[in-house]
Amino acid sequence: MSVAEKPGEAPLQVRRARRRSGLSIQSIVLIMLLTVSLASNVLVGLIGYFNATSSLQDAAFQRLTEVRDSRAREIDRLLETIQNSIVVNAQGETVISATEEFTAAFADLEELPDDEARDAAIAEYYDTVFGPRLTAVSGDVVDAQSFAPSSRAAQELQLLYTVPHETFEAAIEVDDAGDGSDWSATHARVHPYFRTLVDRSSYEDILLIDSSGTVVYTAYKGVDLGTNVATGPYRFSALGAAFVETISSNVLDGVVFTDLESYAPSLGEPAGWAMTPVARDGVIIGALAVELPLARFSEIMLAGSDGTQGGLGETGEAYLVGSDGLMRSPSRLFAEDPVAFAEA
């Protein structure tokens with residue numbers, strides 16, 4: 001028997017269909033709970049991700065800072081060692097006496113008579129040997145004669161100790177050129193001492209300069225031997241500036257350091273200097289200059305022969321940078337493979 005429907009009421013099937021349409025309260029609550037749960041999980045995951053990323057970045061920056069500070073401390077210690085070493089040597093009797101004797105012997109050589117053959121030999125060396133070598137490394141045509149010495153003593157010493165040798169390594173091995181001069185006699189006596197100092201300290205060179213600026217001795221016998229760093233062709237170099245500052249400061253235990261720059265007597269290679277006065281009884285008679293040991297700076301920045309042991313992995317590296325933004329130490333990649341580095 002069918003149930004009677006009241007007038008104006010929808011049929012029972014329609015009313016039941018209406019009750020089934022839409023979500024129930026229970027379903028809505030469950031969806032809300034699920035949404036909140038998913039949102040919470042996503043939020044927690046994002047927070048964890050950003051916290052982990054920040055922690056890893058902080059750790060990486062801290063490691064980089066540690067490497068930077070470690071290298072800086074080692075460089076500072078090396079500079080301090082150089083400073084102490086040259087001050088001790090400059091105040092020692094060996095250097096003081098050598099400066100006096102080389103200065104006097106150089107003055108004696110200035111009394112040599114004019115010699116056209118000597119002038120021609122020097123001119124030929126600069127035109128055919130030094131000039132082409134410097135042009136080759138610099139890429140610019142060099143006026144070789146602008147570097148040639150004009151004093152008789154400088155010409156004589158370069159003909160005896162510079163011109164005959166193809167390499168600096170060969171020149172530094174000579175104790176006595178055998179010309180019988182007082183300069184060569186002094187050189188034969190003290191040069192082994194300076195050669196040992198160069199070798200033990202890895203200096204690129206050692207110079208003795210008299211009070212007027214004349215280089216009266218160099219260990220490697222480059223073309224700066226006998227030239228005047230205050231008035232000659234290298235007066236605008238870092239070496240010339242360091243000499244002026246050293247002499248004018250009148251601080252007997254002071255040390256002047258210079259930045260690196262291309263140095264013609266080293267065939268355009270970078271050179272930096274540390275210089276201190278040489279004095280007898282409180283009176284400055286000259287200066288001791290050492291060319292900074294670039295190999296030791298590079299060894300520190302490259303962490304020895306294996307750059308991967310420096311704490312920066314296989315691809316990271318540390319190097320010195322000057323105020324001009326240019327590197328002062330070589331790239332590890334260049335040291336490992338110069339050809340590939342140049343082609344990169």
Side-chain angles (χ1 to χ4, degrees), residues 1-81 257 259-261 270 272 292-344:
M1 181 176 179
S2 62
V3 179
E5 297 179 354
K6 296 180 180 180
E9 286 187 348
L12 181 61
Q13 293 82 356
V14 175
R15 295 201 303 271
R16 289 176 177 172
R18 286 178 179 173
R19 288 198 296 270
R20 294 194 189 100
S21 64
L23 298 174
S24 66
I25 298 299
Q26 182 180 8
S27 299
I28 293 173
V29 171
L30 290 175
I31 291 173
M32 291 176 63
L33 291 175
L34 179 60
T35 302
V36 170
S37 176
L38 288 175
S40 299
N41 288 335
V42 171
L43 182 61
V44 170
L46 289 174
I47 293 173
Y49 169 79
F50 287 117
N51 285 341
T53 301
S54 178
S55 297
L56 290 174
Q57 288 178 340
D58 290 343
F61 282 121
Q62 183 177 359
R63 179 56 182 162
L64 290 173
T65 301
E66 290 174 354
V67 171
R68 181 198 65 190
D69 292 345
S70 174
R71 298 288 197 281
R73 285 193 298 271
E74 291 185 66
I75 293 295
D76 286 341
R77 281 196 293 267
L78 175 57
L79 292 174
E80 184 178 358
T81 298
F257 284 96
D259 197 356
L260 302 183
E261 68 172 16
L292 298 179
L294 301 188
R296 294 180 64 184
F297 285 95
S298 297
E299 184 178 356
I300 290 173
M301 300 311 297
L302 296 175
S305 58
D306 186 358
T308 62
Q309 302 302 311
L312 296 174
E314 294 183 358
T315 57
E317 56 181 335
Y319 40 81
L320 292 173
V321 177
S323 58
D324 55 2
L326 299 179
M327 295 170 61
R328 297 297 191 270
S329 64
S331 166
R332 174 170 64 84
L333 302 178
F334 174 79
E336 292 174 351
D337 192 343
V339 175
F341 182 85
E343 293 175 350

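- Looking at Asp324 and Asp259, their side chains never come closer than 4.5 Å, going by heavy atoms from C-beta outward.
- With sequence neighbours left out, Leu78 forms a side chain to side chain contact (heavy atoms under 4.5 Å, CB included) with Ile82, Arg296, Phe297, Ile300.
- Here the closest non-hydrogen pair linking Leu260 and Pro270 is CB-CB, 4.4 Å.
- With sequence neighbours left out, Asp76 forms a salt bridge (charged side-chain N to carboxylate O under 4.0 Å, His left out) with no residue at all.
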